[in-house]
Amino acid sequence: MTALIPRRVRSLASLAEALLTPHGMDRYLELVDPMLVRREIRGLVTAVRKQTPDSVTLTVRPSRAWPGFTAGQYVRLQVEIDGVRRTRCYSPCGSQYDGELEFTVKEQGLVSGHLNRAIGVGSVVNLSTPDGSFTLPATRPDRVLLIAGGSGITPVLAMARTLVDEKHPGEIVFVQYSNGPADALYRTELAELAARHPGLRVVHAHTHTEGGELRGFFTPEHLARVAPWFRDAEAYVCGPKPLMDAVREQLGERVHTEEFTPPALTFDTANAEGQVRFKRSGRECANSGKPLLEQAEEAGLSPEHGCRMGICFSCTQLKTAGRVRNAKTGEISGEEDEEIQLCISVPVGDVEIDA
Amino acid sequence: MTGLQDRLTPAQIEEFGRELDALRQRIVDDLGQEDVDYIHTVIKTQRGLEVAGRALLFAGFFPPAWLAGVGALSVAKILDNMEIGHNVMHGQYDWTRDPALSSQRFEWDTVAPAENWRHSHNYIHHTYTNIVDKDRDVGYGILRMDTAQKWHPYYLGNPVYATLLALFFQWGVMLHDLEVENVVKGERSWADNVPVLKKIVRKASRQVGKDYVLFPLLTGPLAPLTFLGNATANLTRNLWAFAIIFCGHFPADVESFTEEETASESRGQWYLRQILGSANISGGPLFHIMSGNLSHQIEHHLFPDIPARRYPQIAGEVRAICEKYGLPYHTGPLRKQLWSVAKKIVKLALPQTSPSPTTVEPDRQLRAA
């Protein structure tokens, strides 16, 4: 009997879809309440709080298509600013077992600035399915080293909270780097988390002021002092690039990182050759040597995009002919009908994109 | 023969093109929340009318409810096709990056699949506007709408074909994408049509299924009334769309062009052709909305990708530019334009008729010089 119900609901839903062709059910449901959508993922902001003057923490209840996430992953969050939907990636920082999502956003740039200034309780945002491979392995390591710098705390905090919810039996050390106590996001929450879970030790490292257990930027001694077993641990690091590089230098391949800082990309605009054709729109231009996203925009198209640095995959489109260089890796690819990220792909000669 | 190229001097055509480019850029720079709010209001109204219309037909045994239902559904279908579908699929709202307003993803409430139509309309018609033998919207491959089209006894049926096209307009637009006349001429093979046909079958069966099977069945004993109601709404939309579109392109003084004179056009010459090849329909704000602002066909043909709600705002300026360069700006009320189109359809059924305007008008030339 229970097996019959979902089937009946499904056939009712498909009947409704057929009746509401060609627009589909969501286009009607959203007019009643934007959160009623079935296919798209939306998020309703249920709480807004300020932890620091230059950041905001949002609690977001996702709509029913939300598939859940794995601690450490990120989602593409979209807000409408002056009529235009803008996208940026954020890592939810709650436990993966929470029903609601939590985002802490530092006030910098267009989208993050907007989230800090203009979003209130009751606002609705668009969400993507979660993405990213910066996650704990299914078999949790006994010893876990979590290192966060600045707003890089978000995916790492999600891991800590998830491990605490799982009653992780091993040792966890959470090192948080911040300028000083006033900038340390989630200070209270981390203290409460450590109080709840004896296996978790939280260490504050202040780079610019006294008062933390550690002082200054990351050094190997920091690890020796707070986690003498660090050579047996798996380390998860997110923060400024120098921090991640310094930890990687110490721990090598046991370090897992999430890169949100843009890699330095170089473009050769002087020796560009060939034509770039955007098939669907019929536009064509001479290859300028810049990334395809910029070339598309210069040709008058406005392809969907997000980070512009090869992280979020919002701008992925089908390349139907030609070769492109990946500006991040330098790799050249000439496969036919291949999905490429427009923001970091530079044409090598003639290229055709299905856009 | 004086051609399109001789209408303005090279310096004039360049300046004329620059003025229109600047006008477009000013609007593009100004796009924002108001435009998004506007289209959302229209969408909300359309969806509301559609739901109300469908619901009223469940009470179709009561004649006023049936009439009101058909009325609401007709208006919903007109808004969906004209002010929403046509304009969204032109990319007028692509800048919002809202998938529901994306030209590539939008699908409209008519049997013609969006993807086929984007090719035949956005690309072919808007690129080759009124070039006889290239713009397939000149006569839709069925009618003789221009003296440059060679007469054949087949065209004696012109008024009949036009009437049938008006009644079944959505089916005409759908079949238009098959380019049957090009297949007959041997310029296109049936194999080329397979993907087009597949989309047609899929889309048309969904539309027919919804209007003529599912909704009638849902109303139980009222099925025949619901069927009739949906058919009437489709018919109303067909007649309206036909009227607006034909008045935008086929009144008497609209000009047509040859492939030779348009062979190597500059941006300015392309703009010039769009103005000479289109006609506006005058009317009030509600009329403009119901026509998808295609009552501003001239502005639409100049700037097909800027939101249509902006056309009334710039119409005065476009008209002033036309006057400055001594160019005609065809416009008139619906009844006048319809009459003009009807006369043309009947006249062109016969071989001997006075030529429709081409670009030979030396007296008007260089007036702005």
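Residue numbers begin at 1 in each chain, while the letters A, B, ... track the order of the sequences.
When the candidates B:Asp94, B:Leu101, B:Asp98 are compared by the number of heavy-atom contacts under 4.5 Å with chain A, B:Asp98 comes out ahead. Per-residue heavy-atom pair counts under 4.5 Å with chain B were compared for A:Gly282, A:Ser302, A:Pro22, and the maximum is reached by A:Pro22. Chosen from B:Asp211, B:Asp80, B:Thr96, the residue pairing most often with chain A at heavy-atom distances under 4.5 Å is B:Thr96. Note on A:Arg85, A:Glu40, A:Glu80: by heavy-atom pairs under 4.5 Å with chain B, the leading option is A:Arg85. By number of non-hydrogen pairs under 4.5 angstrom with chain A, the leading residue of B:Arg97, B:Arg206, B:His119, B:Gln104 is B:Arg97.
Only one option out of B:Asp305, B:Asp30, B:Asp29 pairs with B:Arg310 in a salt bridge (Lys or Arg N to Asp or Glu O under 4.0 Å); it is B:Asp30.
In this structure, the separation between CD1 on B:Ile39 and CD on B:Gln46 is 10.0 Å, given to the nearest 0.5 Å.
Heavy atoms of B:Glu34 lying under 4.5 Å from chain A are absent altogether. Neither the backbone nor the side chain of B:Tyr123 comes within contact range of chain A; no heavy atom of the residue lies under 4.5 Å from a heavy atom of that chain. Heavy atoms of A:Arg280 lying under 4.5 Å from chain B belong exclusively to its side chain. Heavy-atom distances place the side chain of B:Leu218, and not its backbone, under 4.5 Å from chain A. Contacts of B:Val28 with chain A are absent, with no heavy-atom separation under 4.5 Å from either backbone or side chain. Looking at B:Asp35, neither its backbone nor its side chain comes within 4.5 Å of chain A, counting heavy atoms on both sides.
For residues 105-112 of chain B, a heavy-atom distance under 4.5 Å to chain A picks out B:Arg105, B:Phe106, B:Glu107, B:Trp108, B:Asp109, given by residue number.
Judged purely by distance below 3.5 Å, without hydrogens or angles, the side chains of B:Asn87 and B:Glu83 pair a donor atom with an acceptor atom. The closest side-chain donor-acceptor pair between B:Arg237 and B:Asn81 falls under 3.5 angstrom. Donor-acceptor pairing under 3.5 Å is recorded for the side chains of B:Tyr311 and B:His300.
Of the charged side-chain nitrogens involved, none lies within less than 4.0 Å of a carboxylate oxygen, so that A:Arg42 and A:Asp26 do not count as a salt-bridged pair.
Legend: residues meeting ring-ring contact (aromatic ring centres under 6.0 Å, His included) with A:Phe278, ordered by chain and number and at least two apart, are absent.
Around atom CZ of B:Arg202, no more than 12 heavy atoms belonging to other residues, nucleotides or ligands sit under 6.0 Å away.
Aromatic ring orientation, B:His126 versus B:His301: parallel (interplanar angle below 30°, classes split at 30° and 60°). Classification of the A:Tyr90-A:Phe103 ring pair by plane angle, with boundaries at 30° and 60°, yields perpendicular.
With a 4.5 Å cut-off on side-chain heavy atoms, A:Glu338 and A:Ser333 count as touching.
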